[in-house]
Amino acid sequence: MIDQEKVKEAISLFLEAIGEDPSRPGLVETPDRIARMCGELFGGLTQTAAEPLSKRFPVDENNMVMEKDITFYSVCEHHLLPFYGQVHIAYVPDGQVTGLSKLARTVEVFARRPQIQEQLTSQIANAIMSELRPQGVMVVIEAEHMCMTMRGIKKPGTKTVTAAMLGCFERDPALQDRFFQLLRVR
């Protein structure tokens, strides 16, 4: 759980530290707003992927299932600045599938915590493998990081792409190619 009072205190101290007056009219309610926002942005810290991925349905065919362009927002654990983009997930079932919205919910569980993209990619893939137990899973994330856009190097529009391949996706280049072909289909 988010300690709302500690967050409020920290934000007040932060505002003072940067030379602001936390009691001025525009900032008086900022610590409370930030504390509530933290509940939203970091709600994944108290969740696991087991719940969304527990809803399963039997299938006779084990054809690839792909969900692409899942929008996500996360916060970089190095600078506490946002990064956001699209997650693309494919898996080859082993007798069961999950509800389509459950893949997006799994993304949210891991995106809503201080995070790095490389870890986020692996966490999603590993959760699907361990909870759903498919023959394989592939996750690709494309994201823009505000720590590169608004500070440091200042290169807006730069995308970072990460990929995780497990099971049959790791062993079968043709299956990986099929994933990328499906990704290009609009």
Side-chain angles (χ1 to χ4, degrees), residues 1-4 7 35-77 82-145 159-186:
M1 295 294 293
I2 303 289
D3 186 331
Q4 301 274 317
V7 173
R36 284 180 290 150
M37 178 187 72
C38 285
E40 257 184 81
L41 295 182
F42 305 118
L45 288 167
T46 59
Q47 299 174 326
T48 70
E51 188 278 320
L53 292 173
S54 67
K55 185 69 173 172
R56 299 183 192 130
F57 308 96
V59 291
D60 294 330
E61 301 293 326
N62 289 319
N63 297 317
M64 184 191 315
V65 176
M66 181 176 203
E67 192 159 332
K68 62 184 186 176
D69 299 328
I70 302 168
T71 300
F72 80 95
Y73 302 91
S74 193
V75 176
C76 166
E77 66 185 31
F83 68 98
Y84 58 92
Q86 306 289 316
V87 178
H88 316 290
I89 301 170
Y91 68 96
V92 177
D94 194 10
Q96 60 183 353
V97 295
T98 190
L100 295 176
S101 70
K102 305 312 181 195
L103 296 175
R105 290 183 194 282
T106 300
V107 169
E108 289 299 303
V109 165
F110 295 110
R112 293 191 178 272
R113 48 181 78 175
Q115 188 63 273
I116 61 172
Q117 182 175 336
E118 298 87 341
Q119 182 174 284
L120 176 61
T121 309
S122 294
Q123 287 173 333
I124 294 166
N126 288 329
I128 293 168
M129 274 303 277
S130 67
E131 297 296 328
L132 193 55
R133 294 184 187 93
Q135 295 177 46
V137 64
M138 186 162 173
V139 176
V140 171
I141 298 180
E142 304 171 78
E144 183 169 351
H145 294 249
K159 296 279 174 93
T160 300
V161 179
T162 52
M165 293 162 262
L166 301 173
C168 60
F169 281 96
E170 191 174 24
R171 297 183 302 272
D172 187 347
L175 197 54
Q176 294 171 24
D177 288 344
R178 182 71 179 133
F179 173 94
F180 288 114
Q181 288 171 1
L182 290 171
L183 197 56
R184 287 190 289 273
V185 173
R186 293 288 167 197

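Scope of the values below: all heavy atoms of this structure, side chains included, with no hydrogens, waters or symmetry mates.
Residue Glu170 holds its CD atom at 11.0 Å from CE of Met138, rounded to the nearest 0.5 Å. We find the CD-CG distance between Gln119 and Asn126 to be 10.5 Å, quoted to the nearest 0.5 Å. Atom CD1 in Ile116 sits 9.0 Å away from atom OG1 in Thr121 (nearest 0.5 Å). With rounding to the nearest 0.5 Å, the separation of CE in Met64 from CZ in Phe179 is 8.0 Å. Remark: Ile89 CD1 to Ile70 CD1 distance equals 4.0 Å, nearest 0.5 Å. Annotation: the span from Arg56 atom CZ to Glu131 atom CD amounts to 6.5 Å, rounded to 0.5 Å.
In this structure, the side chains of Val92 and Pro134 stay at 4.5 Å or more apart for every pair of heavy atoms. Counting heavy atoms from C-beta on, the side chains of Leu182 and Lys68 never come closer than 4.5 Å. Residues Cys168 and Arg171 meet the side-chain proximity criterion, which asks for heavy atoms closer than 4.5 Å. Pro114 is listed as a side-chain neighbour of Leu45, based on a closest heavy-atom distance under 4.5 Å.
Listed for the Asn62 side chain is a donor-acceptor partner under 3.5 Å among the backbone atoms of Gly95. One N or O on the side chain of Gln115 and one on the backbone of Phe110 form a donor-acceptor pair closer than 3.5 Å. Side-chain atoms of Gln135 come within 3.5 Å of backbone atoms of Pro93 as a donor-acceptor pair (strictly under, hydrogens ignored). Judged by distance alone, the side chain of Gln176 and the main-chain N or O of Phe169 form a donor-acceptor pair under 3.5 Å.
Not counting sequence neighbours, the partners of Thr71 by the side chain to side chain contact (heavy atoms under 4.5 Å, CB included) test are Tyr73, Gln86. By the side chain to side chain contact (heavy atoms under 4.5 Å, CB included) test, Ala143 is found to be paired with Phe72, Phe83, Gln117, Ile141, His145, residues two or more places apart in sequence or in another chain being considered.
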Trace of the side-chain contact (heavy atoms from CB on, under 4.5 Å) decision for Met66 with Leu183 = CA-CA 9 Å; Met66 181 176 203; Leu183 197 56; 3.8 Å; yes

Derivation of the side-chain contact (heavy atoms from CB on, under 4.5 Å) call for Arg113 and Glu77 = CA-CA 8 Å; Arg113 48 181 78 175; Glu77 66 185 31; over 6 Å; no

Going through the distances and angles, do Arg133 and Asp94 end up as a side-chain contact (heavy atoms from CB on, under 4.5 Å)?
-> CA-CA 7 Å; Arg133 294 184 187 93; Asp94 194 10; over 6 Å; no

Without placing hydrogens or testing angles, list every side-chain donor-acceptor pair under 3.5 Å for residues 102-109, not counting sequence neighbours.
residue: Thr106; atom: OG1; partner: Lys102; partner atom: O; Å: 2.8
residue: Glu108; atom: OE1; partner: Arg112; partner atom: NE; Å: 2.6
residue: Glu108; atom: OE1; partner: Arg112; partner atom: NH2; Å: 3.2

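Nearest approach of Ala111 to Ser74, heavy atoms of both residues: O-OG, 2.6 Å. Among all heavy-atom pairs drawn from Val140 and Ala163, the shortest one is CG2-CB, 3.9 Å.
Of the options Thr98, Leu166, Val137, a side chain to side chain contact (heavy atoms under 4.5 Å, CB included) to Ile128 is made by Val137 and by none of the others.
Counting heavy-atom neighbours within 6.0 Å of Gln181 CD, excluding the residue itself, gives a total above 12.
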